[in-house]
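Heads up: the structure comes next, in structure tokens.
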Protein chains: 2
Amino acid sequence: MRYPPGHKQEKRKELLNVSSALIKEGGYAATGIDSLMQAAGVTSGAFYSHFASKKELFGALIAQELFISREQWAENPHSSAEDWLNYELDRYLNLRHVRHPDAGCILPTLGAEIARADTSVKEIYEEEMLKGVAILAQRLGSEEQAWAMICQMVGAMLLARAMPTEAGQSAILESSKRFLRDTLSTARK
Amino acid sequence: MRYPPGHKQEKRKELLNVSSALIKEGGYAATGIDSLMQAAGVTSGAFYSHFASKKELFGALIAQELFISREQWAENPHSSAEDWLNYELDRYLNLRHVRHPDAGCILPTLGAEIARADTSVKEIYEEEMLKGVAILAQRLGSEEQAWAMICQMVGAMLLARAMPTEAGQSAILESSKRFLRDTLSTARK
DNA sequence: GTCTATACGCGGATAGAC
DNA sequence: GTCTATCCGCGTATAGAC
């Protein structure tokens with residue numbers, strides 16, 4: 001069968017999207033290529049027509065996911081510093097995000113596995129993170145505050161997801177939200 | 001089932017200690033019982049004389065590790081709020097901790113896997129975390145600040161460990177440290 | 001309690017037909 | 001490109017000897 005030009009690139013992207021959700025849900029190490037490809041409607045053999053290895057998939061997944069995260073910042077409609085911040089805090093630190101890691105930020109769910117990965121994977125992570133911090137620093141006024149905001153949100157999501165009850169999850173989310181709202185507000189300057 | 005005699009209790013604790021280090025290093029799912037028991041000098045068959053399953057080990061590991069973390073807070077020699085805080089920030093947010101997850105806090109390295117575990121495991125996590133937050137809240141003045149400090153430190157360690165270079169790791173650690181130092185200082189009250 | 005041996009399934013990756 | 005079939009190793013857990 002003959003395929004239209006660009007078909008392979010599109011198929012690769014499709015496999016990547018399906019894999020991203022499943023790996024964010026179940027973890028990188030724990031999710032096999034078989035189940036990823038089954039979810040995409042092909043067999044595991046087809047995987048290697050698009051990726052050289054599972055590690056390459058991991059790197060591509062990180063780059064794509066962090067790119068998407070930055071795009072979401074750009075969609076924030078508010079111009080005032082305070083409104084912009086509140087919008088971001090509500091978008092990240094909510095129970096829907098806690099319950100759906102497959103559709104959320106890659107950092108709370110896969111950060112520890114990136115830390116255990118090869119240097120080649122970590123370099124992709126670094127490059128994408130530095131782009132994000134640079135953008136955020138323009139909004140907040142300093143790179144220090146940009147890193148602090150990211151660490152706070154990622155840590156809160158990580159610890160909230162491990163809580164067995166909604167009450168416990170909310171306690172963590174709301175604490176971090178109020179804390180960032182107070183400490184990053186322009187009123188402090 | 002009867003409770004084991006003292007000798008068995010000690011052996012169980014020894015297995016737990018060895019397992020903790022290896023699992024914090026390599027991840028819970030990725031580290032097999034074979035390699036854990038090999039490091040402890042026994043065979044995998046012996047494991048099941050002390051634990052009903054790998055999940056039970058995971059729960060016991062979480063309880064023990066979070067207990068140890070609380071004990072470390074108690075060892076802080078400073079009485080003034082500012083000195084106490086600076087001591088904790090330096091103890092947690094440093095490059096040695098980044099480089100040695102096997103000897104460090106369980107939350108950055110295993111938090112995501114706790115989030116994916118059974119409710120029984122999460123309940124152990126919740127119970128131990130609430131004890132810790134209560135202690136920290138006494139120091140900082142509110143539970144909100146206690147949660148915020150923990151989330152910030154855990155998030156910073158998670159994201160710093162994924163950085164491929166020491167410079168990148170330090171940028172994150174120092175940002176979080178200065179941020180918490182400024183925002184949690186008693187001067188704000 | 002700990003050992004050896006084993007049951008049984010899933011992991012990543014490859015070869016060759018179509 | 002995708003399929004089926006397969007290699008080979010590791011995963012948890014159990015059975016039975018000592």
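Letters A, B, ... mirror the listed sequences (proteins, then strands); counts begin at 1. Because the structure is predicted, anything quoted here is derived from the model rather than measured.
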### Query
For the pair made of CD in A:Gln38 and C1' in C:dC10, what is the distance, rounded to whole Å?
13 Å
### Task
Identify whether the distance between the nearest side-chain nitrogen and carboxylate oxygen of B:Glu82 and B:Arg181 falls below 4.0 Å.
no
#### Entry: Interatomic distance, A:Leu36 CG vs C:dG12 P [rounded to whole Å]
8 Å
### Query
What parts of residues 19-34 of chain A reach DNA chain C, counting only heavy atoms under 4.0 Å away?
A:Thr31, A:Gly32, A:Ile33
### Task
Tell me which nucleotide among C:dG11, C:dG1, C:dT14 gets nearest to the side chain of A:Tyr48.
C:dT14
### Message
Please check if the number of heavy atoms outside B:Gln72 that lie under 6.0 Å from its CD is greater than 12.
### Response
yes
### Query
Taking 4.0 angstrom as the limit, do B:Arg91 and B:Glu88 come out as a salt bridge?
yes
### Message
Rounded to whole Å, please give me the gap between CD in A:Glu56 and C1' in C:dG12.
### Response
14 Å
Side-chain donor-acceptor contacts of residues 55-65 of chain B below 3.5 Å, not counting sequence neighbours, with atom names and distances?
residue	atom	partner	partner atom	Å
B:Lys55	NZ	B:Asp118	OD2	3.0
B:Glu56	OE1	B:Ala52	N	3.0
B:Glu56	OE2	B:Arg12	NH1	3.0
B:Gln64	NE2	B:Asn17	OD1	3.4
B:Glu65	OE1	B:Lys24	NZ	2.9
B:Glu65	OE2	B:Ser20	OG	3.3

### Query
Going through the checks in order, is the side-chain contact (heavy atoms from CB on, under 4.5 Å) test met by B:Gln145 and B:Leu136?
CA-CA 9 Å; B:Gln145 290 193 319; B:Leu136 200 55; over 6 Å; no
### Task
Could you list the residues that satisfy ring pair (Phe, Tyr, Trp, His ring centres under 6.0 Å) with B:Tyr125, not counting sequence neighbours?
none
### Task
Any chance you could measure B:Trp73, atom CH2, to B:Trp84, atom CH2, to the nearest 0.5 Å?
6.5 Å
### Rounded interatomic separation in angstrom, taking CZ from B:Phe47 and C1' from D:dG11
13 Å
### Message
Going by side-chain contact (heavy atoms from CB on, under 4.5 Å), A:Tyr92 matches just one of A:Val154, A:Ile150, A:Leu180. Which one?
### Response
A:Val154
### Query
How far does the helix from C:dG1-D:dC18 to C:dC18-D:dG1 bend, going by the axes of its first and last five pairs, to the nearest 10°?
0°
### Query
Rounded to the nearest 0.5 Å, what separation is found between the CE atom of B:Met157 and the CG atom of A:Leu158?
13.0 Å
### Query
Who pairs with B:His100 by ring pair (Phe, Tyr, Trp, His ring centres under 6.0 Å), at least two apart in sequence or on another chain?
none
### Query
Taking atom C1' of D:dT14 as reference, at what distance in whole Å does atom NZ of B:Lys54 sit?
17 Å
#### Entry: Lys NZ or Arg CZ of A:Lys54 over A:Tyr28 ring: under 6.0 Å, within 45°
yes
### Message
Nearest whole Å is fine: how far is C:dG1 P from B:Phe51 CZ?
### Response
13 Å
Can you tabulate the close N/O pairs, meaning under 3.5 Å, that link protein atoms to atoms of nucleotides 3-6 of chain C?
residue	atom	partner	partner atom	Å
C:dC3	OP2	B:Thr43	N	2.7
C:dC3	OP2	B:Thr43	OG1	2.9
C:dC3	O5'	B:Thr43	OG1	3.4

